[in-house]
Amino acid sequence: MTAIQNKIQAIKNRYQIVGASPMLNNAIEKAIKVAPTDISVLISGESGVGKENFSKIIHQLSKRKHGNLIAINCAAIPSGTIDSELFGHEKGSFTSAYDSRKGYFETANGGTIFLDEISELPLETQSRLLRVLESGEFIKVGSSKVLKTDIRLIAASNKDLLEKTKKNKFREDLYYRLNTVNIHIPPLRNRKEDIPMLFAKFASDFSDKYKIPPLELDNSAMEMLKQQYWPGNIRQFRNTIEQISILGPERLMKGKMMNEFLPVTPGKELIKFENDEPNPQENINDRDLLYKFLIDIKKDVSEAKTIMLELAHGIKSKEKDFESSIEYATNKLIKAGNNLPDAEYEFIKQEKKANENNSENNSYSESQDITDIHENLSLADQEKSLIIEALKKYRGKRKPAAKELGISERTLYRKIKEYELEEM
């Protein structure tokens, strides 16, 4: 192992960080390299990934390690008192200010301040913070005396601060002042290779804590853990393993037993950071399924049209290949035609019959080109046609028609109203 790899492993052991993914190792390496300096650091990542651990790593490896490390959750402090908490206040400066009070920036002089959820700071407080970062100066609430402090600031956010600057909810100058070095901690879903190690660690911890045999998983159960989205990341994963350790029906859990304990991924979209690997979550509804069905039909028609156009422009091959091309193209169209109105379906069948009777004469005029079939049909037109055909087939009975279309009865009612088909 190289020197930096040894340092990374030592840090993992000291702060009980489990995992070997390259993204995690890169974040730890950045923290090791930036720690000896005094520059500001912005730690980004979703809730539950362990951002506070990284503030401890940076502080303990810095020259300020003998000073205070004060961690502050900005979201937990009311906006009306946040200035007093951070910068202090003088006696009588507001109703409940019975005595003078030092703020965190004065208390942490010579040490490090970790501001978690920094995106929740009010804009006025952000202005005060910017002055501290630029000059080390601040003023207590209710005072006119300028005080000095020597602190190192580490900030963290589970929101996209750059996006908030575009919406004027976060100061742009403060963002660039904080973001001198950005350490991004990857979400658990991008560290699937670490899940078996994390499980073993937490299962062992809970076995010791509750004096029970350690939990084990078979391959299918482990695979289910890997496939979870884990919006709450390590925190959610740890809580889930604790719950299974206590309530699991057996010490060896199998895949079919896991459904009761695995969380349901919420519908809302999580904040995405530019360092994250894409991992889209698709919410497919009835309308999307119908559109997908229509697009598949259009694809078949387009493929057949291409072959027909080649034939229409005199592209010929051997007789056998020529005939098989005609057969392939018309079959494609008939496959799509099964889901088209009767007139169009009949036209396609007639074209196939004509092809079989006239295999030696295969020049089609452009006015007869099969491309006319779908040229003017939008997705909405096709959707309406499919609904009409289904209603005709079942004589207006909507429940079997909805089943035929592969959509819910409620969606069919809505579409009937939308296309004014109530009288069918």
Side-chain angles (χ1 to χ4, degrees), residues 37-47 51-56 58-59 62 64 66-183 271:
T37 71
D38 257 349
I39 58 179
S40 301
V41 177
L42 178 61
I43 303 172
S44 63
E46 296 173 7
S47 290
K51 295 187 288 293
E52 188 169 348
N53 264 349
F54 278 75
S55 70
K56 294 175 182 177
I58 294 170
H59 176 72
S62 74
R64 299 174 179 269
H66 299 298
N68 292 326
L69 168 63
I70 299 180
I72 304 153
N73 187 333
C74 300
I77 304 174
S79 58
T81 61
I82 187 77
D83 283 356
S84 170
E85 294 288 328
L86 295 179
F87 308 109
H89 63 257
E90 294 291 353
K91 181 179 179 180
S93 56
F94 51 88
T95 305
S96 57
Y98 302 115
D99 293 297
S100 295
R101 178 186 177 279
K102 287 184 177 182
Y104 295 127
F105 279 93
E106 189 174 358
T107 304
N109 188 30
T112 305
I113 285 185
F114 173 58
L115 293 182
D116 197 7
E117 307 285 356
I118 196 169
S119 61
E120 302 302 318
L121 281 181
L123 288 172
E124 292 181 4
T125 307
Q126 291 177 29
S127 300
R128 286 172 169 260
L129 178 59
L130 182 62
R131 184 179 179 185
V132 174
L133 292 176
E134 290 180 341
S135 64
E137 297 178 348
F138 67 96
I139 300 174
K140 287 185 176 183
V141 176
S143 174
S144 58
K145 182 180 179 182
V146 176
L147 301 176
K148 297 280 287 186
T149 187
D150 174 26
I151 56 97
R152 199 251 186 95
L153 182 68
I154 302 172
S157 178
N158 63 358
K159 305 282 177 63
D160 187 339
L161 292 184
L162 186 57
E163 189 63 30
K164 290 181 79 74
T165 64
K166 295 175 183 176
K167 296 177 181 178
N168 296 319
K169 293 183 178 180
F170 198 84
R171 289 183 62 104
E172 188 175 12
D173 47 4
L174 177 59
Y175 168 74
Y176 288 113
R177 186 67 179 78
L178 289 171
N179 199 31
T180 309
V181 173
N182 185 303
I183 297 176
I271 299 298

Side-chain atoms of residues 109-121: list all donor-acceptor pairs with protein atoms under 3.5 Å, sequence neighbours left out, distances to 0.1 Å.
unit_1, atom_1, unit_2, atom_2, d
Asn109, OD1, Asp150, N, 2.7
Thr112, OG1, His59, ND1, 2.8
Glu120, OE2, Lys159, NZ, 3.3

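- In plain terms, the two heavy atoms of Ser100 and Lys91 that are nearest each other are OG-N, 3.3 Å.
- In terms of heavy-atom proximity, Ser143 sits nearest to Glu90 at CB-CG, 3.5 Å.
- Each of Arg101, Lys102, Arg128 was evaluated against Glu85; a single residue qualifies, Arg101, per the salt bridge (Lys or Arg N to Asp or Glu O under 4.0 Å) test.
- For the pair Thr107 (side chain) and Tyr104 (backbone), a donor-acceptor distance under 3.5 Å is absent.
- Not one N or O on the side chain of Thr180 forms a donor-acceptor pair closer than 3.5 Å with the backbone of Ile39.
- Rounding to the nearest 0.5 angstrom, the gap separating the CD1 atom in Ile58 from the CG atom in Leu69 is 10.0 Å.
- Remark: of the listed residues Leu42, Leu129, Leu130, Leu153, Leu130 is the sole one forming a side chain to side chain contact (heavy atoms under 4.5 Å, CB included) with Arg177.
- In this pair, His89 and Phe94 present their aromatic rings perpendicular. The plane angle is above 60°, beyond the 30 to 60° band.
- The nearest pair of heavy atoms linking Lys148 to Glu137 is CD-CG, 3.5 Å.
- Ser55 and Ile154 make their closest contact through O-CD1, 3.9 Å (heavy atoms, listed as atom of the first residue, atom of the second, distance).
- Going from atom CZ of Arg171 over to atom OG1 of Thr125 covers 11.5 Å, rounded to the nearest 0.5 Å.
- Between the Lys169 side chain and the Leu123 main chain, no donor and acceptor come within less than 3.5 Å of each other.
- Using a 4.0 Å cut-off between a side-chain N of Lys or Arg and a carboxylate O of Asp or Glu, Lys140 and Glu106 qualify as a salt bridge.
- Interatomic distance, CG of Leu174 versus CG of Leu161, reported as 8.5 Å (0.5 Å rounding).
- When every heavy atom of Ala76 is checked against every heavy atom of Pro78, the shortest pair comes out as O-CD, 3.9 Å.
- Under the 3.5 Å distance criterion, the side-chain polar atoms of Arg152 are left unmatched by any main-chain donor or acceptor of Val41.
- Counting non-hydrogen atoms of neighbouring residues, nucleotides and ligands closer than 6.0 angstrom, the CD atom of Glu124 reaches no more than 12 such neighbours.
- Taking every heavy atom of both residues into account, Ala155 and Leu178 meet most closely at CB-CD2, 4.1 Å.
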